[in-house]
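Have a look at the structure below before the remarks.
Worth saying up front: this structure is predicted, and the values here are computed from it rather than measured. In what follows, chains are A, B, ... by sequence order, proteins preceding strands, each numbered from 1.
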2 protein chains.
Amino acid sequence: MRKVTTVNVNGLRAAAKKGYVEWLTATDAEVVCLQEVRAESHQLADAVREPEGWHAVYAPSSAKGRAGVALLTRREPDAVRVGFGTAEFEDSGRYVEADLPGLTVASLYLPSGEVGTERQDEKERFMAAFLPYLRELRVRAAAAGREVLVCGDWNIAHQEADLKNWRANRKNSGFLPEEREWLSGVLDPADGGYTDVVRALHPEVAGPYSWWSYRGRAFDNDSGWRIDYHMATPGLAGRAVKAYVERAATHDERWSDHAPVTVVYGD
Amino acid sequence: MRKVTTVNVNGLRAAAKKGYVEWLTATDAEVVCLQEVRAESHQLADAVREPEGWHAVYAPSSAKGRAGVALLTRREPDAVRVGFGTAEFEDSGRYVEADLPGLTVASLYLPSGEVGTERQDEKERFMAAFLPYLRELRVRAAAAGREVLVCGDWNIAHQEADLKNWRANRKNSGFLPEEREWLSGVLDPADGGYTDVVRALHPEVAGPYSWWSYRGRAFDNDSGWRIDYHMATPGLAGRAVKAYVERAATHDERWSDHAPVTVVYGD
DNA sequence: CATTCAATG
DNA sequence: CATTTAATG
């Protein structure tokens, strides 16, 4: 069995002060994918940067205090690659991948946007460049005998079941028709060819959400979005035996506006 | 007897959360001069903006979150004036004065600077414009039968006794020779003609300091500066019977990097 | 509503 | 080292 967790920490320094370290110490995951680290590794306390028993690789953004992804693995990766070959996003702290035996695992932080802003244009440019990469990655990994798992904050809810308030958000970034169609392309067997593992295991439920705004009572009312995904190649997705959102992990002392999304993959 | 306090609150919203309100409730001062309010009045909670039993007048800076002075008086002022007639500083949140029977009282927040920066040039421009105003004010008030009291954060230590570390600070803004000479001009009977009331009552002591850096152990070591003054016309200064820094007011729960400076004036 | 940063002090 | 704002989310 192999347990993988993805979580957007919304600032690893802040999260570490509020309970992230305790959560990490308690987990028996073999891989943890982090997004929104929002720090360079030298800004992190030693115990946060390189926790006992983990190998860590950080891909910070060149813009200080922004984005930043990381991978924590119990075993040292055979190879690590930052970025996906598109110049604009190479140093944007949005993508890192690592090869483990039989698996390429990635931590993705897709840009968030707001309709009518340059940030939304950037999100769309990222999407346009990333989908072809996902296809390449799958083909290349298959040739090397590896499954692929792209975990992270994709900043798009796919279907109506993926956010509490879908009606009110049809014209908002994160649930725009073109974004939803793009995500359909990621999943389409004739296109990206990935499987949304959590949805595959829980086809009939609303959510489970993994992000709740800090505003109002969004968390208490479970008025959230499912925007953190495990996107896996079919061979790996078929081995998923359990998937859940660790809502409790951020409940007592909430250390991020996202909750960890964990999947157990069988051998 | 009439008690007057001046205190730089270093952000009234932050101070209010940490003990300013309790301090104000406990004081029996008749006038309180505030500096570095760093808020527009609509950003202040009602109980902070208009405390029970006080008349309040705010002179915010047009630059959001910067400077800002205020006067709290138990009796409603006969008149209030913001600024001192120099265009550059009219909306800079650095000067407000009010007429009370027999007294014009002012709250001043003189710019702070750093040697070699534009901020220091601004400080010097302020000083150049403000000294003539202080003379005019004294003459005008005398004609109206009023004493004058200009309280506030002057951001200059006058003599070696006015800061713990005077040797190390001879080339730093706040203790530059030209700044100290300017303050001598404020006090010179043939020039500004004001009296440094606290120093007049405590001629022989080091301090009492009214500002301590938040860095290191400055407060615990009393490694401070005396930069908050009561500058009074001689008639009023002669009536001062007691002067002290309310170090304890910021000790238990320190709600500013400055402490209130209080003087009791006899009738 | 929270995390960063930059400017200011 | 603390308070703000700004940008970002």
Sequence neighbours excluded, the answer for salt bridge (charged side-chain N to carboxylate O under 4.0 Å, His left out) partners of Arg38(B) is Glu36(B)

Atom NZ of Lys64(A) and atom P of dA7(D) are separated, to the nearest Å, by 18 Å

| query | Hey, would you say the Tyr209(A) and Trp225(A) ring centroids sit under 6.0 Å apart? | reply | no

Exercise for the section: Indicate, with a heavy-atom threshold strictly under 4.0 Å, whether Lys17(B) touches base, sugar-phosphate, or nothing. Expected result: nothing

Taking for Asp153(B) and for Ala14(A) the nucleotide of DNA chain C with the nearest heavy atom, the one nearer the 5' end belongs to Ala14(A)

Residues at least two apart in sequence or cross-chain that pass salt bridge (charged side-chain N to carboxylate O under 4.0 Å, His left out) with Asp91(A), listed by chain then number, are none

Outer limits of DNA chain C sitting under 4.0 Å from a non-hydrogen atom of chain B, read 5' to 3', are dT8(C) to dG9(C)

ask   = Asn10(B) near the nucleic acid: base, sugar-phosphate alone, or nothing, with a heavy-atom cut-off under 4.0 Å?
value = sugar-phosphate

Residue set satisfying side-chain hydrogen bond (donor to acceptor under 3.5 Å, both in side chains) with Ser223(A), at least two apart, ordered chain then number -> none

Sequence neighbours excluded, the answer for side chain to side chain contact (heavy atoms under 4.5 Å, CB included) partners of Ala63(A) is Ser61(A), Arg66(A)

Test side-chain hydrogen bond (donor to acceptor under 3.5 Å, both in side chains) on Asp257(A) and Trp211(A); report intermediate values, then the result. CA-CA 6 Å; Asp257(A) 49 350; Trp211(A) 174 78; 3.0 Å; yes

So, with a heavy-atom separation below 4.0 Å from DNA chain D, the residues of residues 37-49 of chain B are Arg38(B), Gln43(B)

When rounded to whole Å, the CH2 to C1' distance for the pair Trp211(A) and dT8(D) reads 13 Å

Report which part of the nucleic acid Lys18(B) touches: base, sugar-phosphate, or nothing (heavy-atom distance under 4.0 Å, all strands).
sugar-phosphate

For Thr25(A), the side chain to side chain contact (heavy atoms under 4.5 Å, CB included) test, sequence neighbours excluded, returns Val21(A)

Sorted by chain and number, sequence neighbours left out, salt bridge (charged side-chain N to carboxylate O under 4.0 Å, His left out) with Asp196(A) holds for Arg226(A)

In Thr6(B), Asn10(B), Asp153(B), the residue satisfying side chain to side chain donor-acceptor pair (under 3.5 Å) with Gln35(B) is Thr6(B)

Side chain to side chain contact (heavy atoms under 4.5 Å, CB included) filter on Ala161(A), not counting sequence neighbours, yields Arg199(A)

By salt bridge (charged side-chain N to carboxylate O under 4.0 Å, His left out), Arg13(B) pairs with (sequence neighbours left out) none

Walking DNA chain C from its 5' end, the first of Arg66(B) and Ala15(A) to be reached, judged by nearest nucleotide, is Ala15(A)

Taking Watson-Crick and G-U wobble contacts under 3.5 angstrom, with | marking pairs to another strand and [ ] crossing pairs, the secondary structure of DNA chain D is written ||||.||||

Asn8(B) CG to dT4(D) P, in whole Å, measures 12 Å

Query raised in the report: Do Arg247(B)'s NZ or CZ and the ring of Trp212(B) fall within the cation-pi criteria of under 6.0 Å and 45°?
Result: yes

Within residues 111-122 of chain A, the residues having a heavy atom closer than 4.0 Å to DNA chain D are Ser112(A), Arg119(A)

To the nearest angstrom, the CZ-C1' distance between Arg217(B) and dA2(D) comes to 17 Å

Review point. Should Phe89(B) and Phe126(B) be marked as a ring pair (Phe, Tyr, Trp, His ring centres under 6.0 Å) after you check the CA-CA gap, both sets of side-chain angles, and the distance that decides it?
Key: CA-CA 8 Å; Phe89(B) 301 111; Phe126(B) 190 105; 4.8 Å; yes

Only one of Leu72(B), Leu71(B), Val57(B) passes side chain to side chain contact (heavy atoms under 4.5 Å, CB included) with Ser107(B), and that residue is Leu71(B)

